[in-house]
Protein chains: 2
Amino acid sequence: MLSDPIARIRRFHRAVTSEVGVLDASFLGRGRPLGPARVLNAIGSGRRDIRDIRAYLGLDSGLMSRLLRSLEAEGLIEIEGNASDSRRRSARLTGAGALEYAAYEALSDAQAAEILDKHQARERLLAAMDLIATTLGRDRIVIEEARPGDPRSQSCLSAYYGELAARFERGFDVSLSADPEARDMERPRGSFLLAVSDGLPVGCVGLKGTDKGYAEVKRLWIAPAARGLGLSRRLMEELERIAIELGYDRLRLDTNSALPEAVGLYRNSGWTEIARFNDDPYPDLFFERIIAGAGARTGASTGVGAEPAAG
Amino acid sequence: MLSDPIARIRRFHRAVTSEVGVLDASFLGRGRPLGPARVLNAIGSGRRDIRDIRAYLGLDSGLMSRLLRSLEAEGLIEIEGNASDSRRRSARLTGAGALEYAAYEALSDAQAAEILDKHQARERLLAAMDLIATTLGRDRIVIEEARPGDPRSQSCLSAYYGELAARFERGFDVSLSADPEARDMERPRGSFLLAVSDGLPVGCVGLKGTDKGYAEVKRLWIAPAARGLGLSRRLMEELERIAIELGYDRLRLDTNSALPEAVGLYRNSGWTEIARFNDDPYPDLFFERIIAGAGARTGASTGVGAEPAAG
DNA sequence: CAATATATCTGACTAAAGTCAGGTATATCA
DNA sequence: TGATATACCTGACTTTAGTCAGATATATTG
C-alpha cells in the first residue's frame with residue numbers, strides 16, 4: 001500500500017499469526033498432545049499410507065511409530081499391512097477414531113466461525129483470503145475430470161453464467177443459449193474438467209461432443225481469485241489431450257468480443273478465426289483448431305499473460 | 001468464492017500456515033531455541049517491561065525468569081530495576097543484543113523476500129495481504145498526530161492526490177488547488193492526523209487554520225485496504241476534538257460530488273451544505289459545521305456504512 | 001544369487017517447554 | 001498497622017518432541 005513489499009508481507013504475517021493463529025489451537029483442546037493430534041488428522045483427512053504421512057508431517061520414523069502406537073492404544077486407529085509391498089503399513093480410523101476426528105473438525109469450524117463473526121463476514125475479506133490461498137497454493141492446483149452434474153462443476157457453471165450476465169451489455173440467459181446437454185460433456189462423447197485448489201473448484205472447461213466431425217470447447221471459466229496463474233492454458237492443454245484420446249482431430253469454439261482475455265488466449269495459442277457455425281445469439285467470434293497433426297499442439301511458448309475470465 | 005465462508009477461512013488458514021509459516025523459521029536459524037529468541041525479539045521490538053513481555057508471550061513467571069537469565073548469560077540483554085515500582089524489572093538490549101536482534105530482522109526480511117520472489121510480487125497479492133492485515137488488526141489501529149512533512153503523512157498525501165487524479169474526469173493537479181501550507185496544518189494553527197495500523201499509515205486528515213474565524217478540514221483519505229472500518233469517522237471525531245482545543249467553534253470543508261462516500265459521511269454526521277466560500281477550481285460542494293455548542297457533536301449513532309476514499 | 005535399499009519398529013537418549021511449590025522483596029488496601 | 005496482593009526468582013519436576021543406533025523383514029538391483 002504505502003510501504004515496501006517486504007514490510008507489507010511481514011505485516012501480513014504478524015497479523016495472521018497473532019489473529020488467525022488461534023486456529024492452530026484446534027489441534028489442542030482435546031486433551032491430546034500436538035503430535036498424535038496431527039497424525040490423527042492426517043489419517044482422518046484421507047492419508048492412509050504411513051510413509052506418506054511421515055513425509056507430509058516431516059516426522060522421524062521412530063517418532064512416527066510411537067505416535068501410531070499411542071493412537072492405537074487409545075483405540076482410535078488400526079494398522080494394516082499393504083498388499084503390494086509388505087514392508088509398508090496403512091492406518092485406518094476406527095469408529096471411535098472417526099468420532100474424534102469429527103470433533104477436531106468441529107473445533108476448527110468453531111474457530112473459523114469466530115473469526116467470521118468478529119469481522120462480520122465481509123465479502124471483501126473472504127475474497128482476499130481466497131486470492132491468497134489460491135496464489136500461495138498454485139503449485140498444488142490440480143486439473144481433474146468431473147461430471148457436469150457434480151456440485152463442484154455446477155458451482156463453477158453458475159459463477160460463469162453470473163459473470164457473463166455482468167459482462168454482456170444485454171445480460172445472459174442460459175436458456176436462450178445452446179446449453180450443452182450434460183451427456184455431450186461426458187465420456188465417451190465429451191468431457192468436463194475442473195481446476196481444483198485445495199478442494200475448492202477454481203476453474204472449469206467443457207468438451208462437447210458433436211456428430212459433425214468436431215468437438216466444441218465450452219464454458220471456460222477461471223475464478224477471479226485464480227486469474228493470472230496460467231490455469232486456463234493448463235485446462236485447455238488437458239482438454240485437448242482428452243479430445244485426441246476420444247478420437248477428435250478438430251476443435252471449435254464460439255466466444256464473445258466482450259471477453260477479451262479469452263479471445264487473446266485463443267489467438268495466441270494456435271486457434272484460427274472462422275465464420276459463424278451456429279445460430280446461438282450470444283457469440284460473435286468463432287474459432288477452430290486442428291489437433292491431430294504434429295505441430296498443431298498448443299504452443300507452450302506462445303505464452304499470453306492475460307487469463308480469460310470466461311470464454 | 002464458491003463455498004461456505006467457514007470452509008474459505010479454513011482453506012486460507014491451511015494455505016497460510018503451510019506456505020507463509022516458513023516465516024516462523026526466522027525465530028530459529030540462529031542456534032537458539034524458540035523461547036529465548038521470542039523474548040529477545042520482544043525486547044528488540046520495544047517491549048521493555050518484563051511483566052508486559054510475560055503477558056504478551058503468555059509465559060509462566062518461572063520460565064520467563066530462566067529465559068532472561070539465558071539471554072543475560074549470552075550478554076545480549078541487561079536487566080534493570082523500575083524507578084516507580086521496585087518489584088518490577090525492565091530489560092534492555094546490549095550492543096551485542098542489538099546486533100543479534102538485527103540479524104533476526106534480516107532473517108525475517110529474507111524469508112519475506114523469498115515469498116515475494118516465488119509469487120512474483122504481484123500487486124494483487126500484496127493488496128490482499130494489506131486488506132487482511134488491516135482488517136484483522138482493526139482494533140489496534142491508532143489515530144495519532146503527525147506533522148504534514150512526516151514521511152508517513154507524505155505517503156498518504158501522495159496516495160490521496162493519485163486517487164483524486166483517477167476519480168476526477170479532468171484529473172487533479174495539486175499546484176492548481178489551494179494546497180494548505182504545512183504551517184497551517186500544524187499546531188498552534190491547525191493539526192494533521194494519521195490512522196496507523198501496525199506501523200503503516202492507512203488514512204489521514206488535516207485541520208487547516210485560517211484567520212477568518214473558522215478552520216478547514218482538508219485531505220481526508222482512507223487507504224483502500226482500510227475502508228469500511230469506520231476510520232474516517234474516528235479521524236473526524238478526533239480532529240473535531242483538537243479543533244475545539246485550539247479554540248475554533250466552526251469548521252468548513254470543500255469537496256466534490258465525484259467523491260460520494262465522503263459527501264455521504266458529511267451529510268450524515270451533522271454538516272450543513274453552504275454556498276461556495278473559495279475559488280479553488282476542484283470542489284463543487286461546500287459544508288459547514290458548528291462544533292462549540294452542545295448538541296453539535298458528531299452523532300455517533302447516525303452511522304453511515306460507506307467509507308470516504310477521499311474528501 | 002548377493003549386495004543394497006527401504007519401511008517399520010524398539011530402546012536409550014537429549015533438549016525444550018512448561019508446571020508447581022515455595023521464597024523474597026515490595027506495594028497496596030482496609 | 002497488619003493482611004493481602006504483586007513481581008520476580010529458584011529448584012524440582014513432568015511432558016513433549018525429537019535424535020540416533022541398531023534390529024527385522026521385505027523389496028530391488030546388478
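Below, chains carry the letters A, B, ... as their sequence lines are ordered, and counting in each starts from 1. For the numbers below, each heavy atom of this structure counts, side chains included, while hydrogens, waters and symmetry mates do not.
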Item to check | Residues A/Glu78, A/Arg89: salt bridge by 4.0 Å N-O rule | outcome: no

Checklist entry - When you check the gap from the basic side-chain N to the acidic O, do B/Glu80 and B/Arg92 get nearer than 4.0 Å? => result yes

Checklist entry - For B/Asn82 and D/dC8, what is the distance between atoms CG and P respectively, to the nearest whole Å? => result 9 Å

Checklist entry - If you measure from the Lys or Arg side-chain nitrogens to the Asp or Glu carboxylate oxygens, is any gap between A/Glu237 and A/Arg241 under 4.0 Å? => result no

Next on the checklist: Nearest whole Å is fine: how far is C/dA16 C1' from B/Phe27 CZ?
Outcome noted: 16 Å

Checklist outcome for this item: In 5'-to-3' order, the base (B), backbone-only (S) or no-contact (-) status of each nucleotide in nucleotides 7-13 of chain C, using a 4.0 angstrom heavy-atom cut-off, is SBBBBB-

Checklist entry - Is A/Ser86 near enough to D/dA27 that one of its side-chain N or O atoms lies under 4.0 angstrom from OP1 or OP2? => result yes

Checklist outcome for this item: B/Ile53 CD1 to D/dA7 P, in whole Å, measures 14 Å

Checklist entry - Can you tell which of D/dA27, C/dA16, D/dA17 lies closest to the side chain of B/Pro33? => result C/dA16

Checklist entry - Between B/Ser65 and B/Arg69, is any side-chain donor less than 3.5 angstrom from a side-chain acceptor? => result yes

Item to check | Side-chain touch B/Val202/B/Leu231, heavy atoms, less than 4.5 angstrom | outcome: yes

Checklist entry - Passes side-chain contact (heavy atoms from CB on, under 4.5 Å), A/Asp130 versus B/Phe12? Steps please. => result CA-CA 7 Å; A/Asp130 287 341; B/Phe12 168 74; over 6 Å; no

